[in-house]
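Chain letters run A, B, ... following the sequence lines, proteins first and then strands; every chain starts at 1.
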Number of protein chains: 2
Amino acid sequence: MKALFEDLKKELKLRKIQLSHQRLKVLEYLTQNRSHPTVDQIFTDLHQEMSTLSKTTVYNTLRVLVEAGLVRAINIEDHETRYDINVENHGHFKCESCGRIYDFHTDLDALACDGLNNFLIKDRNVYFNGICPRCR
Amino acid sequence: MKALFEDLKKELKLRKIQLSHQRLKVLEYLTQNRSHPTVDQIFTDLHQEMSTLSKTTVYNTLRVLVEAGLVRAINIEDHETRYDINVENHGHFKCESCGRIYDFHTDLDALACDGLNNFLIKDRNVYFNGICPRCR
DNA sequence: ATAATAGTTGTAATCATTATAGATTTGCAA
DNA sequence: TTGCAAATCTATAATGATTACAACTATTAT
Ligand SMILES: [Mn+2]
Ligand SMILES: [Mn+2]
Ligand SMILES: [Zn+2]
Ligand SMILES: [Zn+2]
């Protein structure tokens, strides 16, 4: 189930999204860095090997990838969006102490909820806050 | 169960938090405006009747109220925090079309999740995205 | 009443994100 | 292959929410 770089490339081709050098680098980065990186982390790391890369391109690429459904944007306070190559049904835990974001398995579709008749649900998110084992 | 202004005032006194005119106004506003307002909405509305009110005070007050556990901060993309006087177990639905945030009832504690052994969970949040009945 | 503490205010600074315009690259047709 | 339009990228400026700061005011304790 793990999103493989080669599969993702095919997916982009299918959707007629150009596979530019920059886009492939960002996509590859996300498959290799599953710690929910910020734009700044992605940019800083990639800039080491691609000195001409622009932060705007990272933003643009991420928008394209999110719109294509290949990447998920995560907003857990902080006013800084993080990105996740794993778009499957899972939850996030943010440690108040170290700031790390952990994945956990959960079936959101199983969550019973009242008051959403006639609502069209496109996306479901769960996140917890607290202290991680490493920080306790 | 609905958070009543008078009860909240007592709660603040208990916690030795000064009940300044500005803080009471913000608190009262939240009890009367349960549409998850932004700082800007709170400030603009209160500024009508309190022309000396500063936006910084609104920010400061909300931080105090959130830390005291009387108010919940909600971050659903948008890079603009919204505030909720309802701190009980409930979920949020954001309409992509009109931007409204709706409450829905759900029992998050009942959600089974793997991979969080030894994690100290302090807070649980769920939010859905989609289209609301009004916009369909 | 006086001094110390807490809260408020207006302004400036910060920081993530978006807009813009010119430069570069790509896809495709001649 | 060559030429050109469309797409993408880059650098920089603008935006907008939030925070930092310093002076001012209100509250509390002595
Ligand atoms: Mn994840
Ligand atoms: Mn709510
Ligand atoms: Zn931690
Ligand atoms: Zn709507």
Side-chain angles (χ1 to χ4, degrees), chain A residues 9 12-29 36-68 70-84 94 99 101, chain B residues 9 12-29 36-68 70-84 94 99 101:
Chain A
K9 269 169 76 171
L12 283 178
K13 257 187 193 146
L14 269 177
R15 291 166 189 261
K16 313 256 188 242
I17 294 172
Q18 267 186 47
L19 290 75
S20 74
H21 184 49
Q22 291 86 344
R23 286 179 181 169
L24 289 175
K25 278 294 184 183
V26 170
L27 194 57
E28 186 190 41
Y29 183 91
H36 313 95
T38 62
V39 167
D40 200 66
Q41 288 165 340
I42 298 168
F43 171 74
T44 304
D45 288 350
L46 288 180
H47 191 255
Q48 309 277 343
E49 39 172 325
M50 288 179 77
S51 60
T52 59
L53 180 67
S54 157
K55 195 178 263 189
T56 303
T57 299
V58 177
Y59 274 105
N60 290 339
T61 298
L62 289 168
R63 184 168 29 70
V64 168
L65 295 176
V66 167
E67 278 168 8
L70 273 72
V71 168
R72 180 197 289 205
I74 305 175
N75 290 85
I76 309 186
E77 46 232 54
D78 283 357
H79 327 296
E80 200 178 10
T81 304
R82 310 181 72 133
Y83 295 88
D84 194 347
K94 164 132 192 234
I101 294 184
Chain B
K9 270 169 76 171
L12 284 177
K13 258 189 191 145
L14 268 178
R15 293 166 187 262
K16 314 254 187 243
I17 295 172
Q18 261 186 53
L19 290 74
S20 73
H21 185 47
Q22 291 87 339
R23 287 179 179 168
L24 290 175
K25 278 293 183 184
V26 170
L27 194 58
E28 185 190 43
Y29 183 91
H36 312 96
T38 63
V39 167
D40 200 66
Q41 288 165 340
I42 298 169
F43 171 73
T44 305
D45 288 350
L46 288 181
H47 191 255
Q48 309 279 341
E49 40 172 325
M50 288 180 77
S51 59
T52 60
L53 180 67
S54 157
K55 195 179 264 191
T56 302
T57 299
V58 178
Y59 275 104
N60 289 341
T61 298
L62 289 168
R63 183 169 30 72
V64 168
L65 295 176
V66 167
E67 278 168 7
L70 273 71
V71 168
R72 179 197 291 204
I74 304 174
N75 289 84
I76 309 186
E77 46 231 53
D78 284 357
H79 327 296
E80 201 178 9
T81 304
R82 310 181 72 133
Y83 295 87
D84 194 347
K94 165 133 191 231
I101 293 184

| task | For A/Lys9, check side chain to side chain contact (heavy atoms under 4.5 Å, CB included) against everything at least two apart and list the hits. | result |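 Per chain and number, A/Lys9 pairs via side chain to side chain contact (heavy atoms under 4.5 Å, CB included) with A/Phe5, A/Glu6, A/Leu19, A/Leu24.
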Phosphate contact (C/dA6 OP1 or OP2) by B/Ser20 side-chain N/O below 4.0 Å
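Result: no.
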Handout entry: Pairing residues for A/Glu28 by the salt bridge (Lys or Arg N to Asp or Glu O under 4.0 Å) criterion, not counting sequence neighbours
Key =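 A/Glu28 satisfies salt bridge (Lys or Arg N to Asp or Glu O under 4.0 Å) with A/Lys25 once adjacent residues are dropped.
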field: Test salt bridge (Lys or Arg N to Asp or Glu O under 4.0 Å) applied to A/Glu80 - qualifying residues, sequence neighbours left out
entry: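 For A/Glu80 there are no salt bridge (Lys or Arg N to Asp or Glu O under 4.0 Å) partners, ignoring immediate neighbours.
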Under 4.0 Å between any heavy atoms, over every strand shown, what does A/Thr38 touch: base, sugar-phosphate, or nothing? Just pick one.
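The answer is nothing, as A/Thr38 stays clear of every strand by at least 4.0 Å.
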### Query
Choosing from C/dT17, D/dC9, D/dA17, which nucleotide comes nearest the side chain of A/Val39?
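Closest nucleotide among those given: C/dT17.
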Q. Looking at residues at least two apart in the chain, or sitting in another chain, which of them share a side chain to side chain donor-acceptor pair (under 3.5 Å) with B/Asn75?
A.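 Applying side chain to side chain donor-acceptor pair (under 3.5 Å) to B/Asn75 gives B/Thr81.
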Margin query: Going by the rule side chain to side chain donor-acceptor pair (under 3.5 Å), which residues pair with A/Gln48 if we only count those two or more places apart in sequence or in a different chain?
Written below: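 Scan of A/Gln48 (side chain to side chain donor-acceptor pair (under 3.5 Å), adjacent residues dropped) gives none.
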Hey, can you pull the donor-acceptor pairs under 3.5 Å for the side chains in residues 52-59 of chain B, sequence neighbours left out?
unit_1	atom_1	unit_2	atom_2	d
B/Ser54	OG	B/Thr56	N	3.1
B/Lys55	NZ	B/Asp40	OD1	2.6

Please find the pair of heavy atoms, one from A/Ile101 and one from A/Lys94, that lie closest to each other, and give the distance.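 Looking at all heavy atoms of both residues, the closest pair is CG1-CD, 4.2 Å.
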Letter by letter from the 5' end, nucleotides 25-30 of chain D scores (B base, S sugar-phosphate only, - none; protein heavy atoms under 4.0 Å) --S---
Suppose we screen for ring-ring contact (aromatic ring centres under 6.0 Å, His included). Which residues come up paired with [X], at least two apart in sequence or across chains?
| X | value |
| --- | --- |
| B/Tyr29 | none |
| A/Phe43 | A/His47 |
| A/His79 | none |

Report task. Mind running a 4.0 Å heavy-atom check of residues 21-29 of chain A against DNA chain D and sending the residues that fall below it, in number order? Result ->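 Only A/Gln22, A/Arg23 qualify.
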Short N/O separations, protein against nucleotides 10-13 of chain C, under 3.5 angstrom:
unit_1	atom_1	unit_2	atom_2	d
C/dG10	O6	B/Thr56	OG1	3.3
C/dT11	O4	B/Thr56	OG1	3.3

